[in-house]
Amino acid sequence: MIRYRRPKQDDAVILDLIEKQLVPLSHLPQTVINQIRKDLPRRLGQGVTLVACPDYECDPLGFVHFMLHGDLLYIDMLAIAPAARRKRWGNMLMDRAERFALSRGCLRAKISVDAGNAPGISFYQKLGYSVARYQPQNFCYEFEKLLANRFRA
């Protein structure tokens, strides 16, 4: 199931997923990563975080954190525990985030993916995202996708 984040129950798991699944992929200097770590509680308080879990009371197996800016859905972070990968949790989280954004007038989505994250790059391409540009200062690819056509019959 996909549900909204419950900070007291979910944040320790979310922070662990960030630390173990996202931080190792980053090419940012350690000083910047340390500042990002300090900022994570505030960052999670902005936007929307959805979690994937087998049932309502279980700890998350993964999460997506996103923000809406006008007609733009910005996917800030997505992480799935290794044992839960290839079970469609990431697809479900992204689908729910995109539907949420579309229902609020978003027409396009954007996400940055670390250059060394080949599985992530492949995942987003399968979801219809394409590379818009490379950000050399962050060693990231910026992917974009139009949402407006996705859910029309």
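Keep in mind that this is a model prediction, so the values were computed, not measured.
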Going through the distances and angles, do Asn34 and Gln30 end up as a side chain to side chain donor-acceptor pair (under 3.5 Å)?
-> CA-CA 6 Å; Asn34 290 339; Gln30 195 61 46; 3.2 Å; yes
Side-chain touch [X]/[Y], heavy atoms, less than 4.5 angstrom:
X: Met92; Y: Met1; result: no
X: Asp71; Y: Arg108; result: yes
X: Leu78; Y: Met94; result: yes
X: Pro82; Y: Gln21; result: yes

Nearest heavy-atom pair of [X] and [Y]: which atoms, and what distance?
X: Gly128; Y: Lys145; value: O-CG, 3.8 Å
X: Gly62; Y: Leu93; value: C-CD1, 3.9 Å
X: Val113; Y: Gly120; value: CG1-C, 4.2 Å
X: Ala97; Y: Leu73; value: O-CD2, 3.9 Å
X: Ala52; Y: Ile2; value: CB-CD1, 3.7 Å
X: Cys58; Y: Gln9; value: O-NE2, 3.2 Å

Mind running side chain to side chain contact (heavy atoms under 4.5 Å, CB included) on Gln125 and Ile121 for me, showing each step along the way?
-> CA-CA 6 Å; Gln125 288 174 327; Ile121 289 169; 3.8 Å; yes
In Å and rounded to the nearest 0.5 Å, what is the [atom1] to [atom2] distance from [X] to [Y]?
X: Arg99; Y: Asp95; atom1: CZ; atom2: CG; answer: 4.5 Å
X: Leu68; Y: Tyr74; atom1: CG; atom2: OH; answer: 13.5 Å
X: Asp10; Y: Cys53; atom1: CG; atom2: SG; answer: 7.0 Å
X: Ser112; Y: Asn117; atom1: OG; atom2: CG; answer: 12.0 Å
X: Ile80; Y: Arg85; atom1: CD1; atom2: CZ; answer: 8.0 Å

Do Lys126 and Phe123 pass the side chain to side chain contact (heavy atoms under 4.5 Å, CB included) test, and can you show the C-alpha distance, the side-chain angles, and the key distance before you say yes or no?
-> CA-CA 5 Å; Lys126 287 177 186 171; Phe123 173 76; 6.0 Å; no
Is a side-chain donor-acceptor pair under 3.5 Å present for Arg6 with Tyr56?
-> yes
Under the side chain to side chain contact (heavy atoms under 4.5 Å, CB included) test, residues paired with Ala115 that sit two or more places apart = Tyr134, Tyr141
Starting from the C-alpha separation in whole Å, work towards a yes-or-no answer on side chain to side chain contact (heavy atoms under 4.5 Å, CB included) for Lys110 and Leu72.
-> CA-CA 7 Å; Lys110 186 181 289 190; Leu72 175 68; 3.8 Å; yes
Arg88, CZ: over 12 other non-hydrogen atoms inside 6.0 angstrom = no
Are more than 12 heavy atoms from other residues, nucleotides or ligands located less than 6.0 Å from atom CZ of Arg104?
-> yes
Transitive ILVMFWY cluster of Ile14 at side-chain heavy atoms under 4.5 Å: who else is in it?
-> Val13, Leu15, Leu17, Ile18, Leu22, Val23, Leu28, Val32, Ile33, Ile36, Leu40, Leu44, Val51, Phe63, Met77
Between Thr49 and His65, is a side chain to side chain contact (heavy atoms under 4.5 Å, CB included) present by the stated rule, with each step listed?
-> CA-CA 4 Å; Thr49 304; His65 178 74; 2.6 Å; yes
Quick one: sort the Tyr124 and Tyr129 rings into parallel, tilted or perpendicular, breaks at 30° and 60°.
->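 Geometry flag for Tyr129 against Tyr124: perpendicular rings.
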